[in-house]
Amino acid sequence: MTAQAAPSAHVRADRKELPRVVVRFAGDSGDGMQLTGDRFTSVSAAFGNDLVTMPDFPAEIRAPAGSLAGVSAFQIHFSDHDILTPGQPGVLVAMNPAALKANLGDVMRGGMLILNTDSFDKRNLEKVGFSSNPLEDGSLDSYQVYKIPMTSMTIDSVKGSGASKKEGERSKNMFALGVLSWMYSRPLEPTIEYLEKKFSKKESIANANVAALKAGHAFGETAELSAFEVKPATLAPGRYRRITGNQALAYGLIAASVQSKLPLFLGSYPITPASDVLHELARYKNFGVRTLQAEDEIAAIGMALGAAFSGHLGITTTSGPGLDLKSETLGLAISLELPLIVIDIQRGGPSTGLPTKTEQSDLLHAMYGRHGEAPLPIVASYSPASCFWAALESARIALKYMTPVILLSDGYIANGAEPWHIPTVDKLPDISVRFASQPNVGEDFWPYLRDDETLARPWAIPGTAGLEHRVGGLEKADGTGNISYDPDNHHLMTQLRQAKIKAIEEDIDPLEFDGSEDSRVLVLGWGGTYGTIGEVCRRLRARGRPVARAHLKHLNPMPKNTGEVLRRFDKVVVPELNMGQLSKLIRAEFLIETVSINCVRGLPFSSTELEAELEELIP
Amino acid sequence: MTAQAAPSAHVRADRKELPRVVVRFAGDSGDGMQLTGDRFTSVSAAFGNDLVTMPDFPAEIRAPAGSLAGVSAFQIHFSDHDILTPGQPGVLVAMNPAALKANLGDVMRGGMLILNTDSFDKRNLEKVGFSSNPLEDGSLDSYQVYKIPMTSMTIDSVKGSGASKKEGERSKNMFALGVLSWMYSRPLEPTIEYLEKKFSKKESIANANVAALKAGHAFGETAELSAFEVKPATLAPGRYRRITGNQALAYGLIAASVQSKLPLFLGSYPITPASDVLHELARYKNFGVRTLQAEDEIAAIGMALGAAFSGHLGITTTSGPGLDLKSETLGLAISLELPLIVIDIQRGGPSTGLPTKTEQSDLLHAMYGRHGEAPLPIVASYSPASCFWAALESARIALKYMTPVILLSDGYIANGAEPWHIPTVDKLPDISVRFASQPNVGEDFWPYLRDDETLARPWAIPGTAGLEHRVGGLEKADGTGNISYDPDNHHLMTQLRQAKIKAIEEDIDPLEFDGSEDSRVLVLGWGGTYGTIGEVCRRLRARGRPVARAHLKHLNPMPKNTGEVLRRFDKVVVPELNMGQLSKLIRAEFLIETVSINCVRGLPFSSTELEAELEELIP
Amino acid sequence: MTDPNGHTLDERGRGITEASGGIGTLTRKDFVSDQEVRWCPGCGDYAILAAVQSIMPELGVPREKVVFVSGIGCSSRFPYYMNTYGVHGIHGRAPAIATGIASARPDLQVWVVTGDGDGLSIGGNHLIHALRRNVNLKILLFNNQIYGLTKGQYSPTSEQGKVTKSTPFGSVEQPFNPISLALGAEATFVARTIDVERKHLPEMLRRAAAHRGSAFIEIYQNCNIFNDGAFLALTSKEGRTQNRIYLEHDRPIRFDRDGSKGIRMTGAGHLEIVEVSEVGENELLVHDEHRYDAGLAFALSRLSAGPHGPTPLGVFRQVERPVYGDGMESQLRSAAADQGPGDLAKLLSSGDTWDVD
Amino acid sequence: MTDPNGHTLDERGRGITEASGGIGTLTRKDFVSDQEVRWCPGCGDYAILAAVQSIMPELGVPREKVVFVSGIGCSSRFPYYMNTYGVHGIHGRAPAIATGIASARPDLQVWVVTGDGDGLSIGGNHLIHALRRNVNLKILLFNNQIYGLTKGQYSPTSEQGKVTKSTPFGSVEQPFNPISLALGAEATFVARTIDVERKHLPEMLRRAAAHRGSAFIEIYQNCNIFNDGAFLALTSKEGRTQNRIYLEHDRPIRFDRDGSKGIRMTGAGHLEIVEVSEVGENELLVHDEHRYDAGLAFALSRLSAGPHGPTPLGVFRQVERPVYGDGMESQLRSAAADQGPGDLAKLLSSGDTWDVD
Ligand SMILES: Cc1ncc(C[n+]2csc(CCOP(=O)(O)OP(=O)(O)O)c2C)c(N)n1
Ligand SMILES: Cc1ncc(C[n+]2csc(CCOP(=O)(O)OP(=O)(O)O)c2C)c(N)n1
Ligand code: SF4
Ligand code: SF4
Ligand SMILES: [Mg+2]
Ligand SMILES: [Mg+2]
């Protein structure tokens, strides 16, 4: 297990080298913590660290200042080696008592607390139920506490910037960033450039922010705060950028449009945490991307399906409650056998649940959430960057097999970021399609005459003379596609629809596992737990514990060798952020006993806890 | 296997006794076949036969006269002993070539065909693609064919009734009924009474119908058609009536309202084959029954949920596509923990599918068709009369455990009819509820303070002073029900919601099986296949084959002893009108290998085929 | 000229929907599909189908550029009978599916066929949003004031007191007036006609086809099985004369025998029916379809709550307003012009990047 | 008098919703719940909450007989802050849930709180159907012309060209005019007010509470985070005077400084803004809320397409029409009277029965 920054090393000496550090910035919604974290991340990425970030938004837009509900946080884990999880914070920057209260429990014992003392007044303390001041009552004794009057120092520092006092005060996040930049040897220039550009129209504000940033840095130096260094990580050669899951999804979808030579059409209705995909895609009109904010989720998928009928790459994005509403149209899409990508960015349920938190609890809904026998393929992304792959893969399957595909992501992946090795466009798969252009039975066109190999039906789009045809949700006669109430035909069509999806198992990557051949326990995951499970297994193996891990990226159908892989092990452990949904699928499909580890706390697994639970399960 | 009426016995002698007969009436949509079947059924029921009926409606309202799409049929199986299935027709009454063509394939070889020769003209034959006249070309040689010019004989018979020729001609269904009444020794009087009442305002039409009925009967006698007798069955003593599944549902819901002392509130949107429950309930306003035809299925369940919040027995009825639309509100109901009954009368899917045909393919959708972890109980009716029980049982569970319940029925059960031993009202279960009337924590009312035993929360309804409270779909703090984003609370609430549903297994009837202890094969069914599986197993056992059968009436949770029962057998065979949905649940839950027999033809299993398939599976 | 997908557009960049003339060789029969028509004998749907098929060749749009989209209901079987592209969707969602088609493909002529249940009950929201957006759709609402396909329940246009299967004691609901609702939803083209109107119906269809944007036509359609005679006040021999108020652009609104009656606007802002002989023709309201202010069109729609007395027929409103798909296209075009066509490699490496070697 | 469930009804058999006076001892504070209010500081929702809490004690309805129902959105958090019964539903479905409550329990006073997204986008259909049915609901639509809770996408009331997160190049959609839409949907009570209107807002709330049936109020509400200043044309010092057209029953419609401007109906059926000094007061339109014909109310709603120029505020329409729940109740009562109260044993053995012994 690699050591963490926090404990030890308090003396100002030469910058001490650390393999990895986890910092969490926390403050009021209005305190700009997301921006602060983002800047720190950006500089760290450019410096060459590997990193994983995790924002934590409040559910309220802007709850009352100083309240627990209003706390906004951003966590960054950066390192000199390849890392997989957001980690456990060793450093907490808390801009007010609420931020301290909401986050203290997560900080490592002995970690650093960097506190804005100006905000620890009676009113703010009472608001969150501190009966005495933690700065004074000894309750923080087991941490390294840095008490810094950030607000007042910021106000001092911005005098002369031309900004008003209120504006100036709002720069205190940059003061905090300055302090941290000193402590972790991050350059200020990129952020200064960024600020000057961002506030190019409001010079006084740019000045205030820059002044605060510099003041924070100077404070660190003057006060001789400990200073550390985290060297760049060794990553595969190439060009990198930072990317969040939702951004990677948007890019992956655009790539799918380019690689399929189909115009992209997104029908969507805003919902947390999926809205950003809509926002992102709406910007790329020069790629011929059409985005339509529909009146609701039903209309959104209906529009995407209409676009698919007319030859576009039809996409709809949503989260759980929206997926519920799309059920009926998904069934229609299955019946019409048109390509369609439905992206569900899972969040805490049931119902409105915990809308800003993560969960993996829509898997069985994606599998079975439609009336009738209505199978469809399911692909799951497993990290922010993997969303790019997942989007392309979903498009490939949808287009090749003429079927709607559900892509599952989750809130943690969506908002989290990591460095991304930018792919070479030339090496992206060619997923171009051929529209039907000719009659296929004498002079007639049969819209349900299937391809022998893929069982896909031909895609003839309006505008193609001679291929005029009608499709609909009533059962269709095999081949002609005319309405058919014939019992045997219905049985046949049901089988064909199922066989078509099942056969995709031949066309996807086999399931791989890593871990020694003699491991007797396999940890099987899917989706956003990829990083945590990987890190935990890595740690366990480093300690000589025989454990292997495999991660499913296709949930339906599963890779053909899945059963075979699972049967190699004595025990299959399935950790999920739900009550055991993959577990159910594995048991039903393979009749293999599984051990479930379930957690529905709206958060990723804690790696410490997962490690302990797994440890107990290894014989 | 009991012998059937059809073959042999063509000679007019003393009325030959038969144990059972299956007649199918078939004609154009406008020919009144449903009424004919209904009258025949009614008289047979009153006579004391056991019986099972199955109507087969065309999907079109009234497709062009004489077309295959326009054929409407009604099948009745009546017997002198207890029967379970609609059986295979030994007698087909076909009013036109289309009716013959559409139904001939189902008739037993050697069976009787009673054909209206007047309609076998060139135009009608061509319409359905007969290139030669089957009355003449020998293609019906392996049946006993009765050629009767029903139209012209009807027209002759109604002269003097005062009805116009066109009106008179429309009485030909009564002529057919008269013929059959002669052949199976059914009295005419009840039907005459019925007709006179029905057409009390149009005397000429009443006269015409009665005249046609009598003429048909006289024809049978004069032409010396074979005549049979099916003695009354020995049923348990008591009062009986005939009941369809949908009617039994409506009565069961009203009984639940009476027994719970809660006013019934139905929010519904019409959809085949569920609409009749709405139609039926709309008639009982004197029971305080409120029915509201909503603008769509989402509104329908929303209204029912609103009614539940305010202290009514909230119900919504639908079929597959409608269930899709209710998903999101079902999740809300689970989160609000309010009682609600959602009835899904399954039909052929996916999408619009085969709307007038039956299927069992919504089971997994009912289990999992909502985002998030959202468990709820599922009850399934298994025959027309059992719908009464299923409605009461669903209400009992919903009210006791404060939860939405899904009741699954299907198109076959909904429209089929059987004799019903009318229950004694005094013996119906008391399912009355106690609304909260007092604060439960000091002076406060906590809407989520659960009952220790059932884990149900208290139900406090508007109008109760001092218990004002708010409920919503965001995660709630255990106890107080206030909005809570606390991770541990969410985990706890998720577990509680699950535990509450799971614990219902303690409170339902255990799974019973019948068959000898030494059987090594268990046939496990659910829903509308009850009769067919029962009959087939009975036949197999009668032939000495060791087979047991069990039928699940609660699908979630399953009875506590389910695993134990299944493990007694070497082989568990699961026949379903879907692609293996119960099978999946059994495998996932119990890790027991199952053998699936699947059929999605929009029709019940053919007992002959099921028997053959099962036979092969018995060692 | 083509759009970013290579579809043909006219010189105004607007697809060929409005192109007139052109493919003159097509006949009515070319628009008849090979599927057997399965409505009840006597159903008003037949006449509407015939009218649509008969005007199609005149529109100058090749068959392959035409798409019919519907939901579920008797009326919604319509697309199967048209030898064009077609989608028989799900209940109520036709406007959404059609919006997808029309905004993805401005080169297509997209028709929506819906019923009073499909379009106003379950699909009401999609309908009003399509009208508000002014999506380039021709929307035909077959209003038979009943649910036909599900065998006779009342609909949102059934009159109060209506006894149906689901309202054995009579409906207690106020019906929608589809014309008022469409106007309240910002519709740019709103008209009404009747299934049996051999001339007026095709004329309204032509007018809708010629309108760029959402064209909404309410067609009174007789369901002879479950709601026979619902429009007798307008179709009976007497009613036909007395109750049909034909709206004609730029003409004083007159009706009844020899135009003896007319409509006048009072100073207090009422519309009232007057005897022309008493007030003189100059007092009559002159109909102006193209008035941008929908106020008067709305007032006209209130003359009859349902088809039971004097009822306006014809085009209530026809105004020009930017079309949804056009707005979308022009954003695509100007983005491509301003930013250059999309370059995937550039996009992927946008933002802060760093190299590892 | 009680309904079939034993709930108290007034002598007209209509629940106690309209009862006035009575429980005089309640104060504003009694309607404040113990939950912390979590809107952004400065949000217009605060003022609306305060206004509602302040008028509740006057209405004479005991707290336990009041239910607030909402969907999802910033505005939809409202029920949590009211110390009454409440349901925070799901997005767009509040009118449906509330219809269930109001028709099950005519003795309750049911309020719906919704936003421009919740009520007009996803929930548009339920809203128009509730209005059409005239369900006994008080519907408050907080129109901030933006999606607040999801952080700033345009809504169906956002103006064309609006740049938001989902429309970086500007929206190409025509917005709804909620007043026009409600009138097109047969609403019996339609009014408009503004969050900052300290007197007018409570007055409109009182009027809505007093209306039996669906009462719809559009409340312009400032979202200072994502759409600040959307209503400046009506709330700025100057705009306040120039642009607010207060509608008052039976009064000529005048506005601007000293009522110098007014509204007139032309013979051609237009509304126009006139200088009173030029045309004389007699020429002005006298407002008539209670006119059954909704034509004029609609015309008034068209005076402003959005809150950017002279905009009518106040009650556009208030008419009496049978209330949905009342119709339902009276059917229950007359069925019980005609057929006698339900007898389960008799029902179960209705139809043809036979005995086996
Ligand atoms: C989701 C869903 N709900 C309900 C139905 C059942 N359904 C089919 S058509 C219809 C109403 C048809 O009425 P209308 O739109 O007026 O068409 P018409 O048959 O009168 O032409 C209904 C309720 C369905 N197919 N899907
Ligand atoms: C089914 C569903 N779709 C989408 C959302 C996300 N969502 C929550 S509130 C909202 C819009 C809120 O806008 P508005 O109704 O105007 O309320 P405001 O926040 O402006 O008060 C959306 C899209 C959701 N919660 N549920
Ligand atoms: S039921 Fe009515 S609307 Fe439907 S096809 Fe028959 S006549 Fe036409
Ligand atoms: S986002 Fe806007 S509407 Fe929502 S609470 Fe904040 S200011 Fe109010
Ligand atoms: Mg209709
Ligand atoms: Mg809003």
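Here the structure is a predicted model, which is why all the values come from computation and not from measurement. What you see below is based on every heavy atom in this structure, not just the backbone, and it leaves out hydrogens, waters and symmetry mates. Naming: A, B, ... by sequence-line order, numbering from 1 per chain.
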If one checks every heavy atom of B/Asp344 against chain A at 4.5 Å, the contacting part turns out to be neither
The reported gap from CD1 in A/Ile298 to CG in B/Asp296 (rounded to nearest 0.5 angstrom) is 7.5 Å
From the list B/Gly320, B/Gly472, B/Cys599, the residue making the most non-hydrogen contacts under 4.5 Å with chain A is B/Gly320
- Are side-chain heavy atoms of B/Arg587 and A/Arg587 found at a separation under 4.5 Å? no
In this structure, are over 12 heavy atoms from other groups packed under 6.0 Å from B/Glu609 atom CD? no
Highest number of heavy-atom pairs under 4.5 Å with chain A among B/Leu591, B/Leu364, B/Leu603, B/Ile334 belongs to B/Leu591
Bottom line for B/Ser583: the part with an atom under 4.5 Å from chain A's heavy atoms is neither
Under 4.5 Å to a heavy atom of chain A? For B/Leu323 that would be neither
Between B/Gly331 and A/Pro350 the two heavy atoms that sit nearest each other are O-CB, 4.5 Å
Original post:
A/Arg347 versus B/His371: any side-chain heavy-atom pair under 4.5 Å?
Top reply: no
Okay, A/Arg497 and chain B: the region with an atom under 4.5 Å from a heavy atom over there is side chain
Pair count under 4.5 Å, heavy atoms only, with chain B: among A/Tyr368, A/Phe590, A/Tyr485, highest is A/Tyr368
Looking only at A/Leu363, A/Val600, A/Leu492, the option with the highest number of non-hydrogen pairs under 4.5 Å against chain B is A/Val600
With sequence neighbours left out, the residues meeting side chain to side chain contact (heavy atoms under 4.5 Å, CB included) with A/Ser67 are A/Ala63, A/Pro64, A/Ala69, D/Glu36
Closest heavy-atom pair, B/Leu474 versus A/Pro355, reported as atoms and distance to 0.1 Å, is CD2-CD, 3.6 Å
Here the pair of heavy atoms bringing A/Ser327 nearest to B/Asp324 is CB-CB, 3.7 Å
Chain B shares the most heavy-atom pairs under 4.5 Å, among A/Gln498, A/Lys476, A/Glu328, with A/Glu328
Note: vs chain A, highest number of non-hydrogen pairs under 4.5 angstrom among B/Leu325, B/Leu332, B/Thr352 is B/Thr352
Correct closest heavy-atom pair for A/Arg601 and B/Pro487 would be O-CB, 3.2 Å
Taking every heavy atom of A/Lys584 against every heavy atom of B/Ala588, the minimum-distance pair comes out as O-CB, 3.6 Å
If one checks every heavy atom of B/Gln360 against chain A at 4.5 Å, the contacting part turns out to be neither
Looking only at A/Gln495, A/Lys326, A/Gln581, the option with the highest number of non-hydrogen pairs under 4.5 Å against chain B is A/Gln581
Residue from A/His491, A/Glu593, A/Met493 scoring the most non-hydrogen pairs under 4.5 Å with chain B is A/His491
In terms of heavy-atom pairs under 4.5 Å with chain A, the winner among B/Met367, B/Met579, B/Glu475 is B/Met579
Looking only at B/Asn578, B/Thr356, B/Leu330, B/Asp486, the option with the highest number of non-hydrogen pairs under 4.5 Å against chain A is B/Asn578
The reported gap from CG in A/Leu354 to OG in B/Ser484 (rounded to nearest 0.5 angstrom) is 7.5 Å
Checked A/Ala366, A/Gly602, A/Pro321 vs chain B; the most non-hydrogen pairs under 4.5 Å come from A/Pro321
Under 4.5 Å to a heavy atom of chain A? For B/Ile592 that would be backbone
d(B/Glu373 CD, A/His365 NE2) to nearest 0.5 Å is 12.5 Å
Cut-off 4.5 Å, heavy atoms of chain B, and the answer for A/Asn598 is backbone
Here the salt bridge (Lys or Arg N to Asp or Glu O under 4.0 Å) pairs for residues 348-370 of chain B, sequence neighbours left out, are B/Asp56-B/Lys357
Applying a strict 4.5 Å limit to non-hydrogen atoms, the region of B/Gln346 in contact with chain A is neither
